[in-house]
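One structure is given here, and the rest of the page talks about it.
Just so we're on the same page: letters track the sequence lines, and every chain starts at 1.
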There are 2 protein chains.
Amino acid sequence: MEDFEYENGFTQDLDSETLFIVSQTFKALGDPTRIRILNLLFNKECSVNEIVETLDIRQSTVSHQLRFLKNLRLVKFRREGTTLYYSHDDEHVMLILKQMIDHACHN
Amino acid sequence: MEDFEYENGFTQDLDSETLFIVSQTFKALGDPTRIRILNLLFNKECSVNEIVETLDIRQSTVSHQLRFLKNLRLVKFRREGTTLYYSHDDEHVMLILKQMIDHACHN
DNA sequence: TTGTTATATGCTAATATGTTCATATAATGA
DNA sequence: TCATTATATGAACATATTAGCATATAACAA
């Protein structure tokens, strides 16, 4: 009787793969530093240094978090010389982030 | 020049209060156990024991996580004798959860 | 009151997470 | 080649998180 599929597409419990992806993604959004980085990348792409200077976060911290976000395919980058320009890579997740920010602001 | 307000309502950086609420809420959604509980509460209210039995999670764990979710006002409960029936208490966050689950499934 | 069922709580151990420092790599220009 | 700028990485540390056990509380029935 477990995992009974409802008409509306919902299940009583989620399969482990979905659960993993969902929790990983929300976890990515659950850290202030990563939220600030993604929020900055909302409108424009940024070099690592731009992020470091705009948000006043140490370079290694930014780099670590960008790797984290890149592993989840939430950001991507392009190279120009020695400079890497990062931008967001998941419209849907960015939309979800925007919704949550709006939700938080309206309180 | 920091915290410049854009036409579209976005700021270069978020104020700390918003940042706190957003990260707290995403953190709540970033744990598999809490996701499973909220997903179960999507359609119907559940007693603690129903959650325990349906999801096969220990009672103390469920209780701890329900307290966590209640502190963030993501769930509420009503009492009936010795039984507490929990239900979700934030439509918007539930919608965001649904979106992320759908997003994860479509991959 | 005592027992029973349902739920909450305090504590602890294991694990995960985030930041920092120091250093490595990579591209480029002199 | 060497120096410089931009970024990444590894290790260490502090802190946060999670689950589980044991026990407490709360409501109710006998």
List the steps and the verdict of side chain to side chain contact (heavy atoms under 4.5 Å, CB included) for A:R58 and A:H64. CA-CA 10 Å; A:R58 286 173 208 281; A:H64 279 303; over 6 Å; no
B:I57 vs B:R36, test: side chain to side chain contact (heavy atoms under 4.5 Å, CB included). Steps then yes/no. CA-CA 10 Å; B:I57 307 172; B:R36 293 174 72 205; 3.7 Å; yes
Which residue, A:E80 or A:G30, contacts DNA chain C at a nucleotide closer to its 5' end, judged by nearest heavy atom? A:G30
Taking 4.0 Å as the cut-off, does a side-chain nitrogen or oxygen of A:N49 come that near to OP1 or OP2 on D:dT5? no
Would you call the rings of A:H92 and B:H103 parallel, tilted or perpendicular, taking 30° and 60° as the class edges? perpendicular
Over how many whole Å does the gap from A:R58 atom CZ to C:dA22 atom P extend? 11 Å
Euclidean distance, atom CD of residue A:E45 to atom C1' of D:dT7 [Å, nearest integer]: 16 Å
Considering only D:dT18, C:dA8, D:dA8, which nucleotide approaches the side chain of B:R34 most closely? D:dT18
From CG of A:L84 across to P of C:dT25 the rounded distance in Å is 17 Å
Assign A:S60 to base, sugar-phosphate, or nothing according to its heavy-atom contacts below 4.0 angstrom with the strands shown. base
Mind telling me whether B:H88 and B:F42 have parallel, tilted or perpendicular rings, with 30° and 60° as the class edges? tilted
Contact class for A:Y85 (heavy atom, under 4.0 Å): base, sugar-phosphate, or nothing? nothing
Over how many whole Å does the gap from B:R78 atom CZ to C:dA6 atom C1' extend? 15 Å
When you measure from the side chain of B:T82, which nucleotide among D:dG20, C:dT5, D:dT9 comes out closest? C:dT5
Tell me whether the side-chain N or O atoms of A:H64 pair up with the base of D:dT7 as donor and acceptor below 3.5 Å, since no angle test is needed here. no
By nearest atom, which of the nucleotides C:dT20, C:dG18, D:dT18 is closest to the B:Q65 side chain? D:dT18
Would you confirm whether B:S63, through its side chain, and B:Q59, through its main-chain N or O, come within 3.5 Å as a donor-acceptor pair? no
Scan B:S63 against the nucleic acid and name what it touches under 4.0 Å (heavy atoms): base, sugar-phosphate only, or nothing. base
In whole angstrom, give the distance that lies between atom CZ of B:R79 and atom P of C:dA6. 13 Å
From C:dG18, D:dT18, C:dT7, nucleotide with atom closest to B:F68 side chain: D:dT18
Has the side chain of A:T54 got a donor or acceptor atom that lies under 3.5 Å from a matching backbone atom of A:E50? yes
So, is A:Y86 near the phosphate of D:dA6, with a side-chain N or O under 4.0 Å from OP1 or OP2? no
Starting the side chain at C-beta, find the nucleotide from C:dT17, C:dT9, C:dC21 nearest to B:R67. C:dT9
Rounded to whole Å, how long is the line connecting atom CZ of A:F26 with atom P of D:dT17? 17 Å
Is any side-chain N or O of A:T33 closer than 4.0 Å to OP1 or OP2 of C:dT19? yes
So what does A:Q59 hit on the nucleic acid, given a heavy-atom distance under 4.0 Å: a base, only sugar-phosphate, or nothing? base
Whole angstrom value for the distance that separates C1' of C:dT19 from CG of A:L66: 15 Å
Let me spell it out: for each of A:D31 and A:G81, pick the nucleotide of DNA chain C with the closest heavy atom. Which residue's pick is nearer the 5' end? A:D31
Kindly point out which of C:dA8, D:dT7, D:dA19 is positioned nearest to the side chain of B:V48? C:dA8
Using a cut-off of 4.0 Å on non-hydrogen atoms, how would the nucleic acid contact of B:F77 be classed: base, sugar-phosphate, or nothing? nothing
Round to the nearest Å and state the distance from B:K70 atom NZ to C:dA8 atom C1'. 9 Å
